[in-house]
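Let me begin by presenting the structure, written as structure tokens, before commenting on it.
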Amino acid sequence: MESVIQRITRGHFWDFHGGIHPPEQKFFTSNKPIKQLVLPKQLIIPLQQHIGREGDLLVSIGEHVLKGQALTLSTNPMVVPIHAPTSGTINAIKMSVIAHPSGLSQLCIFLDVDGEDTWRKRDVCPDLEKLSNHEIIEKIADAGIAGMGGAGFPTHIKVNRKPEIKFLIINGAECEPYITADDLLMMEQSVAIADGIKILDRLLTPTIILIAIEDNKPKAIKALQQATAAIEKIKVCIVPTKYPTGGEKQLIQILTGQEVTSGRLPIHDGIIMQNVATCFAINEAVRHDTPLIRRVVTVTGQALNKPQNVWALLGTPVNFLLEQCGVQDIENEKQPVIMGGPMMGFSVFSELVPIVKTSNCILVPSKIEMPSAFEKENKEVECIRCGQCSDVCPSQLLPQELQWSAKAKDYSQLEKLNLSDCIDCGACAYVCPSQIPLVHYYRIAKAEIREQQQLDLKAEKAKVRFEARKLRLEKEKVARQEKHKKAAAARKAAMNKATPEATGAKSAVAAALARVKAKKASQGQDQTNTPVTQADLATETVDDQKSQVAAAIARAKAKKKLKEEAAQKPLSSNETVDKVVEEKAASTEQVSPDDKKAKIAAAIAKAKAKKLSKSAEASDIEKTTENTSTEKTVNLDDKKAKIAAAIAKAKAKKLGKSAEASDIEKTTENTSAEKTINSDDKKAKIAAAIAKAKARKKLKEASMIEQNDQDSV
Ligand code: SF4
Ligand code: SF4
């Protein structure tokens with residue numbers, strides 16, 4: 001049976017399912033050389049221009065950079081650095097719209113070009129024998145090379161493969177109807193491309209190298225045949241023109257007859273594919289120390305005066321390219337600008353969108369050329385189930401069913417229908433009679449699925465982190481507890497030893513415990529004693545003051561009475577009222593011998609009366625105390641006042657027997673005028689008054705007995 005290599009050598013190839021033959025429009029640019037442009041005034045360089053993550057910034061605003069200087073640092077294999085395409089000053093680092101179907105914004109470096117185009121120092125290496133494979137791969141990684149055919153996968157990862165490689169396929173098919181960038185590059189840079197292929201050959205050591213070029217590029221075929229003629233393992237394969245031959249899986253099938261099944265990568269079957277532009281970039285990086293800072297872009301379409309391929313610095317705004325290629329009506333907002341070819345491209349939302357590593361074409365069509373691009377209204381109608389889309393699908397999918405599931409956001413069904421195998425070639429939409437923008441729906445669905453997958457991945461990572469932390473904390477807790485347990489056991493064992501140290505430690509502990517207990521007891525005593533003593537002192541002081549005040553009031557009243565009595569009596573020439581009062585007051589303490597007898601009798605009577613009065617007062621107070629316990633303090637105070645009043649009354653009685661009763665009454669009444677006494681006190685006083693009245697009666701009786709005794713004498 002004929003081997004694959006024999007078949008290829010004879011120029012016989014396989015075919016893939018489906019595909020279309022859109023009218024070719026390569027003639028706009030295929031016969032013109034690649035143009036070198038003047039430097040634009042400003043470049044807008046997105047930090048991420050590949051599949052993967054953006055690198056860490058190495059520059060800041062205001063910094064002057066040289067051509068080829070790294071602007072970001074790769075800290076991860078999936079990070080590809082970017083470089084300054086020319087010398088200039090960093091004007092800004094901010095979000096800006098990038099080349100993406102959704103009009104996505106991304107962090108970009110705005111570089112003001114100084115016009116000098118000054119290179120950084122370069123380490124040119126014409127002799128590759130001096131470099132190890134590892135050094136070559138490092139150079140490729142440092143140069144920031146990512147797949148330039150459109151995928152943007154980091155090249156240094158792709159070329160650092162351990163498995164055995166059977167086929168290294170160099171993709172020069174370029175099947176999009178308008179694009180000629182690779183065609184021109186192959187024509188003009190065939191030797192450099194061949195040198196790049198040699199580097200890949202060294203790194204990957206494939207069994208055979210196949211350069212695939214569609215048969216509509218005769219000049220490119222010839223150029224590469226000449227450039228690689230000396231290398232036996234390189235075969236230039238002229239494949240039939242058909243869209244999308246340039247698709248990775250489709251080209252593999254054409255060249256090898258092998259179908260890369262869903263979910264598998266070509267590397268799993270020992271196949272690696274690189275674009276011709278990537279081969280050129282590898283050679284530039286390894287031999288000339290030139291990072292990926294420019295690329296060939298096909299600027300084409302009937303709306304341009306000078307459509308052609310140009311060497312565009314990465315970061316060049318689309319409007320600058322259009323100006324250079326003579327756009328006829330750049331101010332016309334209705335003029336569509338498509339990034340990429342007519343089959344796989346997308347409209348750009350701003351003419352400031354910059355060229356990146358994967359940009360290969362800017363299409364500016366006229367209305368006659370591409371009327372659908374000018375239509376603002378969606379002319380989509382219902383699917384008629386004609387099945388044409390399925391017939392042309394190179395991935396053998398069911399585009400109409402994918403479309404329904406995409407509209408319904410039924411992601412599980414989309415997975416079952418192998419949406420991930422769709423290469424966005426647009427062949428289905430191209431043939432759809434219902435004008436359904438099928439690829440548009442697939443792109444939206446893919447973006448949503450990707451977003452959901454990233455969220456799921458984040459959630460999964462967070463869950464793993466949480467579980468790990470929980471486990472770690474649990475382990476630490478157990479270890480801590482074990483440590484404490486061991487320490488306690490060690491302490492206990494040490495204390496129980498009959499050594500002087502253990503005894504000393506025990507005594508110290510006991511002493512410490514005793515000190516703590518003593519301190520606690522002392523604190524408790526202080527807390528209970530201090531407030532009680534102060535309260536008692538305060539109460540006593542108040543009681544004393546009240547008693548003294550009551551006594552003073554009583555004395556003053558008694559003195560007043562004496563004055564009134566003295567004023568009513570006739571005075572001798574040598575007497576004054578005050579003198580008489582003083583004498584009377586003094587007589588209360590110096591009783592004359594003549595009155596002694598009578599006063600003794602009166603004192604006995606008074607004592608009896610007092611006794612009765614006190615007992616009545618005491619019983620009244622007792623009753624009051626029983627009625628309300630809260631009035632105790634008040635009654636006690638009143639009692640003191642009354643006792644003081646009673647003393648005063650007794651003194652007054654000594655001064656004049658007839659006046660005694662009324663004096664006591666009045667003094668009592670006056671005393672009762674002390675405003676602090678409440679209604680209950682009044683009751684007590686009434687009871688006291690009754691007792692006093694009884695005492696007065698007894699006094700009178702005693703006085704009469706005394707008078708009778710005197711009469712009888
Ligand atoms: S865009 Fe996708 S579904 Fe449509 S033909 Fe291409 S691969 Fe098939
Ligand atoms: S080509 Fe269009 S109309 Fe026909 S089946 Fe596919 S989606 Fe439906």
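Every heavy atom of this structure was used, including side-chain atoms; hydrogens, water molecules and symmetry mates were not. Both ligands and their constituent atoms are indexed starting at 1 by order of listing.
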Item to complete: Classify the ring geometry between Tyr178 and Phe28 as parallel (under 30°), tilted (30 to 60°) or perpendicular (over 60°).
Response: parallel
Worksheet item: Taking atom types as modelled, is there a side-chain donor on Lys407 or Gln403 under 3.5 Å from an acceptor on the other?
Response: yes
Practice prompt. Check the side chains of Tyr441 and Glu380 for a donor-acceptor pair under 3.5 angstrom, ignoring hydrogens and angles.
Written response: yes
Discussion item. Measuring from atom 8 (Fe) of ligand 1, which candidate in Cys393, Ser395, Gly247 has the nearest non-hydrogen atom?
Written reply: Cys393
Discussion item. Could you tell me if Tyr411 and Gln452 have a donor-acceptor pair between their side chains, going purely by distance under 3.5 Å?
Written reply: no
Discussion item. Treating Asp269 as the side-chain partner and Ile271 as the backbone partner, does any N or O pair qualify as donor plus acceptor under 3.5 Å?
Written reply: no
Worksheet item: Does the side chain of Ser390 come under 3.5 Å of the side chain of Gln400 through a donor N or O and an acceptor N or O?
Response: yes
Item to complete: Consider only side-chain N and O atoms of Asn216 and Glu24, and report whether a donor and an acceptor are under 3.5 Å apart.
Response: yes
Item to complete: Check if Ile423 has a non-hydrogen atom at a distance under 4.0 Å from any atom of ligand 1.
Response: yes
Practice prompt. State the atoms of ligand 1, each with its element, that fall below the 4.0 Å cut-off from a heavy-atom position in Cys425.
Written response: 1 (S), 5 (S), 6 (Fe), 7 (S)
Worksheet item: Is a salt bridge present between Lys217 and Asp182, judged by a nitrogen-to-oxygen distance below 4.0 Å?
Response: no
Item to complete: Could you pull out the N/O/S protein atoms under 2.8 Å of atom 4 (Fe) of ligand 2, ignoring any water?
Response: Cys386 SG
Item to complete: Please report which non-hydrogen protein atom sits nearest to atom 3 (S) of ligand 1, along with the residue it belongs to and the distance in Å to one decimal place.
Response: Tyr442 CE1, 3.7 Å
Fill in: Protein heavy atom at shortest distance from atom 4 (Fe) of ligand 1
Cys428 SG, 2.3 Å
Discussion item. Please tell me whether Trp404 and Tyr442 form a close aromatic pair, meaning their ring centres lie under 6.0 Å apart.
Written reply: no
Practice prompt. For atom 2 (Fe) of ligand 1, find the nearest protein heavy atom and state the residue, atom name and distance (0.1 Å precision).
Written response: Cys422 SG, 2.4 Å
